[in-house]
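Notes follow once the structure below has been shown.
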Amino acid sequence: MALIDIKDLHVSVQGKDILKGISLSIEAGEVHAIMGPNGTGKSTLSNIIAGRDGYDIKSGSVTYDGQDLLAMEPDVRARAGVFLAFQYPVEIPGVSTSAFLKSAINTKRRAEGKPEIDAMEFLKLVKAKNKALGIPDDMIKRPLNVGFSGGEKKRAEVLQMTLLEPRFAVLDETDSGLDIDALKVVSDGVNALRGATRAFLVITHYQRLLNYIVPDHVHVMAGGRIVKSGGKDLAHELEAEGYAKYLAAA
Amino acid sequence: MVATGLLDHPFKEGYAARLGALPGAAHAWIDGLRQTARGILNASGLPGPKNEAWKFTPLGELSKIPFIPAATADDIDVREVPRGVPSIPGAQRVVLVNGVVNTALSDPLDALPGLRIESFKQLLVREPQTLKPFLGGIASSGALPLAALNAAYMADGLVIMTAKNFAGATLHIVSIGAAGAEPLAFHPRNIIALETGARLTVVETHIGLPGQSYLANPVTEISLADNASLRRYVSVAEDADAFHFATTSVALAAHSSFETFHLGLGGAKVRQEVRAALNGAGADCCMNGVYALTAKQHHDLTTVVEHHVPHGTSSQLVKGVVDGQSHGVFQGRIHVARDAQKTDARQLHKALFLSKGPEVDCKPELEIFADDVQCAHGAATGELDREHLFYLMARGLDRDTARALLVAGFLDEAVATISDENVRAVFSDMVNGWLKRRGV
């Protein structure tokens, strides 16, 4: 059974059809990439998976681990192991990054019937993960995402993913705003999480990210549909040929 | 000139007769202050909806409550400080019950050289000339109806004075409101005078005991000499049926600094009015605050900052959360006189609605007569940001936890400006305690 199974998903926003029949099945242990030009519904798909409201789901289904994902509140999805690394993480003044991270970790621990993390253990854990992701320790003392550079926000998203250890993670253009060094660090962070029980959906414009996070499957999305699927070499083809022929077809 | 309210009210001849002779009445100038104030009170009454400065906080309901002077209630016996009063590390504590200094509950008042703490009543009788430079001169009855009510009946309060270059101490003033069988009123008059270069931190906790309604009407006059620095942190958590109208007027000399924070958490109807006059060049005034309201509470924070001379700075950050059918008011006036060049004045008020029932009125006023100044003001009211809520929920926090974190964070932005670390922690606990009790 696939970990996540999207079937013929039709979604509109304010009367405008955005997703026009997406079907995608991802097994545990796999990394799938969705590539495509702007405005084809890639972020809509990631938002639907995470449970953002404001979308009109016309038909189709999303099944996660055998459950109807679309019927679950966003927090229930997250506690069940679904994670979205946001394309544009919001800045939340007044809420310290460390208080938020601790609250998120403990929420997950409670859901799993584990004891809460204590302050010392938390600091030790975050320090170790920060080091791996090249995040300065004082970043977690600042308000959540406030004044973070584009690159810092993306690293912070990957830090959260690393701490929460989701079973299914969607990375929505995590590469945008990253220089080449940061891209490597962030990719290493993602690759360290890869494993037989975990699946990833990587959404990106550029093939570059997929040199570091090598996918098992690549899908091309255009006009609200998946118009072509293939192996990792498809990404290289797209880099060479562009999206024009798919846009014309869509 | 007080705009006429002409509301009927209980503070007339009968109230005065019941009080009898007030302390210091033998001194003509003190008696004169009281007579003038009573004249204003008789002519204008208490402010009603037609008084522009009070239109969001009219005092009509006071007319229906037969307040008696607190001093004449003989059935009040407060023997301990209520549990809700926080402990401020390292602070010397002074307790007032219904506006009267209670030595039994206070720390010794003469503990520190260079710092003088006296009962206003005793100074009025013993050496009124000490008060003359300040009393009635900083908070004038003519412009302030509640200060006039206070001046008419002022009988006790606290006088705090420092020597030159006093190096600093923390005082914790606990004001307990307690009514017996009848509703009562008290009008404490406080004076805080810092000499040149002196530093002081004053924490005020205004708290009430459950029971009949009472009216606390304190007036505090503050004089800061050159280079003096006062930090004053006030919390109001009066009883649910209590009224609290506090007027604070501050006169700042050159390069003095005044940092104040007002936390409004309780009381039926509360107004905290803070007025600062920057009279000396380079003075700095920071007036921040938080209010958190529920049920039918009414809370009004009114500030007036007057920049009279060049190079003054002032900043205000006020945040409120409102729930139930509560009513929050923020009025902030910044006046920059023609001569007050190079002034930097900032003001920001934000209110967060936790439900659909409350009301918030915000009235910023900028009067700028100088041309080389930087002034900014902003105001925003709204509900919690849905994007913020979604982000936290997408990390597994349930809606209530996410909401609580966001509301606490919203208020913490203001609380975090308190420069005294101990007080910041205490005020933060008070805010978070309120949020927890409300189930936010």
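Numbers restart at 1 for each chain; the letters A, B, ... are given by sequence-line order, proteins then strands. Computed from a prediction, not measured in an experiment: that's the story for all the values here.
Residue B:A416 does not touch chain A at all, counting heavy-atom pairs closer than 4.5 Å. Looking at B:L406, the atoms closer than 4.5 Å to chain A (heavy atoms on both sides) sit in the backbone and in the side chain alike. In this structure, chain B has a heavy atom under 4.5 Å from the side chain of A:L144, while its backbone stays farther away. There is no contact between A:P166 and chain B, counting heavy-atom distances below 4.5 Å.
Scanning both residues, A:A78 and B:G396, for their nearest heavy atoms gives CB-N, 3.3 Å.
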Taking donor and acceptor roles from the modelled atom types, list the N and O pairs under 3.5 Å across chain B and chain A.
{"from": "B:R386", "atom 1": "NH2", "to": "A:D53", "atom 2": "OD2", "distance (Å)": "3.0"}
{"from": "B:E387", "atom 1": "OE1", "to": "A:R52", "atom 2": "NH1", "distance (Å)": "2.4"}
{"from": "B:E387", "atom 1": "OE2", "to": "A:R52", "atom 2": "NH1", "distance (Å)": "2.8"}
{"from": "B:H388", "atom 1": "NE2", "to": "A:E91", "atom 2": "O", "distance (Å)": "3.1"}
{"from": "B:Y391", "atom 1": "OH", "to": "A:N145", "atom 2": "ND2", "distance (Å)": "3.4"}
{"from": "B:Y391", "atom 1": "OH", "to": "A:E157", "atom 2": "OE2", "distance (Å)": "2.4"}
{"from": "B:Y391", "atom 1": "OH", "to": "A:Q160", "atom 2": "NE2", "distance (Å)": "3.0"}
{"from": "B:M393", "atom 1": "O", "to": "A:D75", "atom 2": "N", "distance (Å)": "3.4"}
{"from": "B:R395", "atom 1": "NE", "to": "A:Q160", "atom 2": "OE1", "distance (Å)": "2.4"}
{"from": "B:R395", "atom 1": "NH1", "to": "A:L84", "atom 2": "O", "distance (Å)": "2.9"}
{"from": "B:R395", "atom 1": "NH2", "to": "A:L84", "atom 2": "O", "distance (Å)": "2.9"}
{"from": "B:R395", "atom 1": "NH2", "to": "A:E157", "atom 2": "OE1", "distance (Å)": "2.6"}
{"from": "B:G396", "atom 1": "O", "to": "A:R79", "atom 2": "NH1", "distance (Å)": "2.8"}
{"from": "B:R399", "atom 1": "NH2", "to": "A:E73", "atom 2": "OE1", "distance (Å)": "3.2"}

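Heavy-atom contacts from other residues, nucleotides or ligands closer than 6.0 Å to NZ of B:K342 number 12 or fewer.
For B:Q297, there are no side chain to side chain donor-acceptor pair (under 3.5 Å) partners at least two apart in sequence or on another chain.
Here B:L405 contributes atom CG and A:F100 contributes atom CZ; the two are 8.5 Å apart, rounded to the nearest 0.5 Å.
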